[in-house]
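Since the structure comes first, as structure tokens, the remarks are kept for the end.
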Amino acid sequence: MHTTDSSSHHLITASEVRKAAFGKPPLGRRGYNEDDVDNFLDQVEETLRELHNRLSRYEHPNP
């Protein structure tokens with residue numbers, strides 16, 4: 001799974017969301033690797049927050 005460190009500001013693309021793949025969980029567990037999913041959701045959250053901020057600045061420009 002592609003991840004970014006907290007110091008970078010990579011905005012996740014729709015293509016990255018579509019292509020997201022998560023690792024297998026530890027032996028004996030079912031589902032996806034929780035750390036991979038959490039990291040991906042962090043990226044999605046950062047992107048949505050940034051896009052919301054940009055939209056707000058566009059809708060309410062400072063004079």
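None of the values given here were measured: they were computed from a predicted structure. Computed from heavy atoms alone, side chains included, the values below leave out hydrogens, waters and symmetry copies. Note that the numbering runs from 1 along the sequence shown for the chain.
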note = Here the gap from L41 atom CG to E46 atom CD, rounded to the nearest 0.5 Å, amounts to 13.0 Å

ask   = Taking a hydrophobic cluster as the set of Ile, Leu, Val, Met, Phe, Trp and Tyr residues connected by side-chain heavy atoms closer than 4.5 Å, whether directly or through intermediates, do V37 and V44 fall within one such cluster?
value = yes

inquiry  = Holding to side-chain contact (heavy atoms from CB on, under 4.5 Å), I want the full list of residues that pass it with N33, two or more places apart in sequence or in another chain.
reply    = D35, D36

ask   = Who pairs with E34 by salt bridge (Lys or Arg N to Asp or Glu O under 4.0 Å), at least two apart in sequence or on another chain?
value = none

ask   = Is a side-chain donor or acceptor of E16 paired with a backbone partner of T13 at a separation under 3.5 angstrom?
value = yes

query = With R49, which residues qualify under salt bridge (Lys or Arg N to Asp or Glu O under 4.0 Å), at least two apart?
reply = E45

request  = State, to 0.1 Å, how close Y32 and P25 come at their nearest heavy-atom pair, and which atoms those are.
outcome  = O-CB, 4.1 Å

key: Distance (rounded to the nearest 0.5 Å) between E59 CD and H52 NE2   = 8.5 Å

